[in-house]
Amino acid sequence: MIKTPDQELFDAVYTISSKFGYSTYDHLSTDEIPYPFVVVGGTQIILPPTKVTGIAPNISIRVDAWGNKKQRQEVSNMLNALLKAARQLHRTQNYTWQIRNQASSPQLIGDTSTDSFLWHGILDIEMKLT
């Protein structure tokens with residue numbers, strides 16, 4: 001059975017993150033896990049605003065990287081390595097891709113939702129099916 005485009009993109013990004021040696025998860029765990037780590041999360045199929053059929057959609061995927069207060073540089077490097085890899089992702093098993101650079105960007109913010117300060121990296125990647 002052929003995977004849907006969003007699932008195939010999810011699997012590709014998850015595999016890339018794992019091959020980089022990052023602790024990679026498909027959800028934010030409630031278990032204690034060591035920092036830094038990556039969560040490859042939600043996907044969205046973005047249909048073109050047209051009535052014409054046959055135009056391929058864009059697929060958006062969100063990747064989160066988490067690190068402790070001393071790991072800002074490491075989280076930043078992780079985001080940028082994953083973005084660079086996404087720019088080089090042109091083919092998966094069943095689909096061909098082109099990154100939408102203007103819609104793909106990393107963001108790094110401080111997070112104080114826990115007892116300890118964390119660095120939260122957010123990478124939104126948008127790919128066009130070609």
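Atoms considered below: every heavy atom in the structure, side chains included; atoms not considered: hydrogens, waters and symmetry mates. As the structure is a prediction and not an experimental result, all values here were calculated from the model.
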Leu129 CG to Asn94 CG distance, which is reported to the nearest 0.5 Å: 11.0 Å
Check the hydrophobic clustering (I, L, V, M, F, W, Y; side-chain heavy atoms under 4.5 Å; chains of links allowed) and say if Leu9 and Phe20 are grouped together. yes
Tyr22 backbone acceptor or donor facing Thr24 side chain under 3.5 Å: yes
With rounding to the nearest 0.5 angstrom, report the CD1 to CG distance, Ile125 to Leu89. 9.0 Å
If you measure from the Lys or Arg side-chain nitrogens to the Asp or Glu carboxylate oxygens, is any gap between Arg100 and Glu126 under 4.0 Å? yes
Test item: Thr96 side-chain N/O and Thr130 main-chain N/O as donor-acceptor pair under 3.5 Å: yes
For the NZ atom of Lys84 and the CG atom of Leu79, what is their distance to the nearest 0.5 Å? 15.0 Å
Exercise: identify the closest heavy-atom pair between Ser104 and Ile99: OG-CG1, 3.6 Å
Taking the six-membered ring for Trp and the single ring otherwise, decide whether the centroids of Trp66 and His120 are under 6.0 Å apart. yes
Stepwise side chain to side chain contact (heavy atoms under 4.5 Å, CB included) check, Leu82 with Ser17: CA-CA 7 Å; Leu82 290 166; Ser17 179; 3.9 Å; yes
Below 4.5 Å, heavy atoms only, C-beta onward: do Ile109 and Gln107 meet side chain to side chain? yes
In terms of heavy-atom contacts, Thr92 and Trp97 come closest through OG1-NE1, 3.0 Å
Is Leu83 linked to Val63 within one hydrophobic cluster, defined over Ile, Leu, Val, Met, Phe, Trp and Tyr using a side-chain heavy-atom separation of less than 4.5 Å? yes
CD1-CD1 distance between Ile59 and Ile45, expressed to the nearest 0.5 angstrom: 4.5 Å
Which atom names give the shortest non-hydrogen contact between Leu118 and Asn68, and what distance separates them? CD2-CA, 4.1 Å
In terms of hydrophobic clusters joined by side-chain contacts under 4.5 Å, are Leu28 and Tyr35 together? yes
Which atoms form the tightest heavy-atom contact between Asp26 and Phe10, and what is the distance? CB-CZ, 3.7 Å
CD-CG distance between Gln7 and Asp11, expressed to the nearest 0.5 angstrom: 4.5 Å
If you round to the nearest 0.5 Å, how far is CZ of Arg87 from CE of Met127? 10.5 Å
Looking only at heavy atoms, which two atoms of Lys69 and Trp119 are closest? And how far apart? O-NE1, 3.3 Å
Looking only at non-hydrogen atoms, find the nearest pair between Tyr25 and Phe37 and report the distance. CE1-CB, 3.9 Å
Under the side chain to side chain contact (heavy atoms under 4.5 Å, CB included) test against Ile61, which residue among Asp124, Leu123, Asp6, Val13 passes? Val13
Distance-only, no hydrogens or angles: does the Ser18 side chain make a donor-acceptor pair with backbone N or O of Tyr14 under 3.5 Å? yes
